Number of protein chains: 2
Amino acid sequence: MALGKDYAHQQCSIARALEVVGERWTLLVVRDAFYGVRRYNDFLVHLGAPRAVLAARLQALVEAGVLDRRRYQESPPRDEYVLTERGLALWPVLRSLGAWGRAEVPGAVPVRHFHHADCGTELGSYGECPACRVPVPPADVEMRPGAGLDRDPVDPVGRALLRPRRLLVPVVPVVREDTPERGNS
Amino acid sequence: MALGKDYAHQQCSIARALEVVGERWTLLVVRDAFYGVRRYNDFLVHLGAPRAVLAARLQALVEAGVLDRRRYQESPPRDEYVLTERGLALWPVLRSLGAWGRAEVPGAVPVRHFHHADCGTELGSYGECPACRVPVPPADVEMRPGAGLDRDPVDPVGRALLRPRRLLVPVVPVVREDTPERGNS
DNA sequence: CATTCAAGGTTCGGTGAACGAACCGAGCTG
DNA sequence: CAGCTCGGTTCGTTCACCGAACCTTGAATG
């Protein structure tokens, strides 16, 4: 637990939220789930977290109802982790954290841009579309690479995230040598 | 560090934000700063964090430019920690986390309500005023106790937060028996 | 002028979590 | 049937957190 009994005695919704998503790596797992990562190994290579920690976080998020674990093939049996409604409701948290990190942490070059897929406008700090004046659900968000993004990531998931893409669309890892598939260098 | 070198290699504004505010207790310290807590001892009794951890978090937040440490009396020399502009920019993060914790964590009774001081309307999930249709800066937010709030907290800071109050207004701890004011010269 | 008190820390031993490398097992695949 | 991939578990080390005790500065008290 992030704070265990210490947070439990806190009279605060923020503390209760942090009980669920406040531990190390947890919010980054959720972020990757928004990016379309669904499989244990893809989380692993993209996050670089220890395997045991990742397994514990995924299990805790499933128990908290943030992720749903479901079978996507039977032979061999393989499960994937997808965001539930409760997990999708975390989008404003990630959006505001990212906006703060980009605006307020010194030396931060924009890494990714988020646009309203319907009109192309870049989202505001609250995840709203300044043009349409509506909060944009994550399924309607298009992610585009920014100037600060590493052009040649070592992991196949990072390479798959180089191209503009919708949030929540499952990631297909891109191997380096062959199988450019639809990519660039 | 929340994740040290591990987060540094992350190509993500969210990871950079978590480098600053992702450690245990950090966001709760910032939350208390929004509530008006400014002094080491008040943070200590209200949070219940270990003294060494609190000292480390306050120092890290000052170094990150989230809090400003400033002398408020000379004899004896005493400093207080107040939010900087960069710290105030974290309000959407806390607001969205609190909204998620209240809406999505099971068994959560509303603990505090946040209203637009100008019009009295309760804030939306993004910290905006649904009536005025503007994002409400924290200085214009009034906090009111909710049904889930402990009516008789053990610590004097918790008692001071029982009454409706503006965010950012300095907290005056309330001792239990009488002594309406602290021994402040 | 010695004692006590309060604020704001620091120090220290014990404990639990994170880390990373190794290992494991099921099920394909050559 | 040897090897490979996926999805973990195990294990020893390191590190951060915890909580109690202690320390320092400066008033206030007797």
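The figures that follow rest on heavy atoms only: side chains count, while hydrogens, waters and symmetry mates do not. Per chain, numbering begins at 1; letters A, B, ... match sequence-line order. Everything quoted here is computed from the prediction, not taken from an experiment.
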**From C/dG9, D/dT10, C/dA18, nucleotide with atom closest to B/Ala55 side chain** = C/dG9
**Request:** May I ask you to say whether B/Glu142 pairs ionically with B/Arg144, meaning some side-chain N is under 4.0 Å from a carboxylate O?
**Result:** yes
**Working for side chain to side chain donor-acceptor pair (under 3.5 Å), residues A/Glu122 and A/His115** = CA-CA 4 Å; A/Glu122 184 157 13; A/His115 296 257; 4.5 Å; no
**Message:** At less than 4.0 Å, is any side-chain N or O atom of A/Trp25 found next to OP1 or OP2 of C/dC19? Yes or no.
**Reply:** yes
**Request:** State which residue, out of A/Arg78, A/Arg38, A/Glu80, A/Arg39, fulfils the side-chain hydrogen bond (donor to acceptor under 3.5 Å, both in side chains) condition with A/Tyr72.
**Result:** A/Arg39
**Complete:** Per-nucleotide protein contact along nucleotides 22-28 of chain C, 5' to 3', at a 4.0 Å heavy-atom cut-off (B base, S sugar-phosphate only, - neither), is B----SS
**Request:** Could you tell me the separation between the CG atom of A/Leu44 and the C1' atom of D/dT5, rounded to a whole number of Å?
**Result:** 13 Å
**Message:** Is the shortest side-chain heavy-atom distance between B/Asp118 and B/Cys132 below 4.5 Å?
**Reply:** no
**Item:** Residues B/His46 and B/Asp32: side-chain donor-acceptor under 3.5 angstrom
**Value:** yes
**Prompt:** Of all the nucleotides listed (C/dA7, C/dG20, D/dC18), which has the minimum atom distance to the side chain of B/Pro50?
**Reply:** D/dC18
**Request:** Would you mind reading off the distance between B/Asp79 atom CG and C/dA7 atom C1', rounded to a whole angstrom?
**Result:** 11 Å
**Request:** Quickly work out the B/Leu58 CG to C/dA7 P distance and round it to whole Å.
**Result:** 16 Å
**Message:** Counting only side-chain nitrogens and oxygens, does B/Tyr81 get under 4.0 Å of the OP1 or OP2 atom of C/dG9?
**Reply:** yes
**Message:** Could you tell me how far apart A/Arg38 (CZ) and D/dC6 (P) are, to the nearest whole angstrom?
**Reply:** 17 Å
**Asked** D/dT5 P sits how many Å from A/Arg39 CZ, rounded?
**Response** 13 Å
**Prompt:** For A/Gln59, does the CD atom sit with more than 12 other heavy atoms under 6.0 Å from it, leaving out its own atoms?
**Reply:** no
**Short side-chain N/O contact to D/dG8 OP1/OP2 from A/Arg69, under 4.0 Å** = yes
**Prompt:** Separation of B/Arg57 atom CZ from C/dT10 atom P, in whole Å?
**Reply:** 14 Å
**Request:** Mind calculating the distance between CD (A/Gln73) and P (D/dG7) to the nearest angstrom?
**Result:** 8 Å
**Item:** A/Arg133 atom CZ, over 12 foreign heavy atoms within 6.0 Å
**Value:** no
**Request:** Rounded to the nearest angstrom, tell me the gap between atom CZ in A/Arg24 and atom P in D/dT14.
**Result:** 17 Å
**Asked** Between B/Asn41 and C/dA7, is there a side-chain N or O to OP1/OP2 distance below 4.0 Å?
**Response** yes
